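Here it is, the structure, as structure tokens.
Letters A, B, ... mirror the listed sequences (proteins, then strands); counts begin at 1. Worth saying up front: this structure is predicted, and the values here are computed from it rather than measured.
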Amino acid sequence: MRATLGAGFTDVRVLMSHAMETGQRKDASGKVIPLHFIQNVTAKLNGKTVIEGEVSQAVSRNPVFSFRLKGGQKGDKLELSWLDNTGVTNKTDGTIA
Amino acid sequence: MLKTLMGGAALALAAALPLHAQVDIRKETQRWQQMIAEGSPAELFEIEGEALWKKKQGPKNVSLEGCDLGQGPGVVKAAYAQLPKYFADADRVMDLETRLLHCMTTLQSRSPQDATQRLYGNADRPSEMELLSVYIAGQSRGVPMAPGTRHVKEREAFELGQKLFFHRAGAWDFSCSSCHGEADKRIRMQYLPVMSQPEGVRKIVATWPSYLVRNAQVKTMQWRIWDCYRQMRWPEPVFGSEATVAITQYLTVTGQGEPYAGPGTKR
């Protein structure tokens with residue numbers, strides 16, 4: 001995660017490592033690779049939720065998510081977590097620089 | 001009725017054609033390149049590379065932080081912009097990737113097999129080499145490219161690289177200059193830079209390693225040369241060999257002086 005402070009806003013860019021399988025691909029033996037994708041994304045600034053979003057299986061593998069926050073200060077803690085369709089959650093944190 | 005309609009459609013098409021002909025491919029490509037650069041995640045890979053640089057591993061359980069990239073042990077600032085260069089401890093010219101391999105096998109005492117097991121990564125299996133190189137290169141942003149040119153071996157590498165660049169061989173009798181030796185050549189829509197000229201190569205050497213949109217990974221210059229040889233149907237070159245380093249030396253010296261603007265973003 002990289003969060004950079006601008007004039008009254010913060011630009012955030014996060015890489016989410018995920019297979020993002022569409023459920024349409026087959027493996028070498030011809031078996032369908034099951035659907036496996038990120039469903040929900042939540043961004044928190046100092047513990048307070050600022051973004052809640054839904055993601056579909058149309059998004060590429062290892063997606064990069066970037067967004068602009070109003071405000072933010074140097075040293076503020078950011079956390080981005082995601083939940084996939086198998087119920088697994090993962091997260092990444094960073095600090096505004 | 002149908003006839004007049006079709007006639008009208010044909011007229012409309014004919015009227016639209018000159019407009020299409022005016023589309024400047026170079027400009028449109030530049031505009032597209034600017035767009036992908038704005039959304040580039042290259043920086044995020046630098047963070048991963050930094051963690052690997054500091055990660056203790058190998059039989060000695062040490063990190064690469066003591067690795068001498070030419071500016072003293074552990075100095076990463078502006079190190080990439082001053083490569084390739086001659087290293088007395090290895091008695092040869094090395095580029096960044098070759099030097100990293102050297103540090104992995106000496107400083108960290110890792111076996112060559114271990115250090116080279118994943119030189120080229122993919123989206124499933126990222127490559128340590130690629131992530132490390134993008135981190136080190138990022139520490140040279142804004143620094144003019146100044147590879148070593150004084151030592152006799154540095155000059156020899158330049159001359160070997162120049163020879164290789166123009167040397168035609170392989171199943172298709174190709175050389176680097178077959179594609180990169182003349183202006184206005186292109187593959188499909190992409191214009192190919194003339195790499196034997198400073199104007200053509202300056203921007204190239206100042207943007208590798210790069211994030212490649214087509215495989216969602218960061219890639220090294222060694223990979224780029226390896227891929228060119230694959231496309232030319234030559235035998236596979238050895239990573240970090242005298243030949244691939246010599247080509248990097250030739251290109252970097254030809255393009256020297258350009259402030260490093262990478263890690264870049266490419267198709």
Inset, instruction - Please answer whether the main-chain N or O of B/P41 pairs with a side-chain N or O of A/R2 as donor and acceptor at a distance below 3.5 Å. - result: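 Absent.
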
Inset, instruction - Residue by residue, scan residues 87-94 of chain A and write down, ordered by number, those that have a heavy-atom distance under 4.5 Å to chain B; if none do, write 'none'. - result: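 Residues in range: none.
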
Legend entry - Flag if over 12 foreign heavy atoms under 6.0 Å of CZ, B/R31: no

Inset, instruction - With chain B as the partner chain, list the residues of residues 23-46 of chain A whose heavy atoms fall under 4.5 Å from it, by residue number, and write 'none' if nothing qualifies. - result: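 Contacts with chain B: none.
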
Inset, instruction - Tell me, please, which residues at least two apart from B/R141 pass salt bridge (Lys or Arg N to Asp or Glu O under 4.0 Å). - result: B/E46

Inset, instruction - Measure across B/E48 and A/L15 and return the closest heavy-atom pair with its distance rounded to 0.1 Å. - result: OE2-CD2, 3.4 Å

Output a table of donor-acceptor pairs, distance under 3.5 Å, between side-chain atoms of residues 59-71 of chain A and any protein atom two or more places apart or on a different chain; print 'none' if there are none.
unit_1	atom_1	unit_2	atom_2	d
A/R61	NH1	B/D124	OD1	2.9
A/R61	NH1	B/D124	OD2	3.4
A/N62	OD1	A/H18	N	3.0
A/N62	ND2	B/A123	O	3.4
A/R68	NE	A/D11	OD1	2.8
A/R68	NH2	A/D11	OD2	3.1

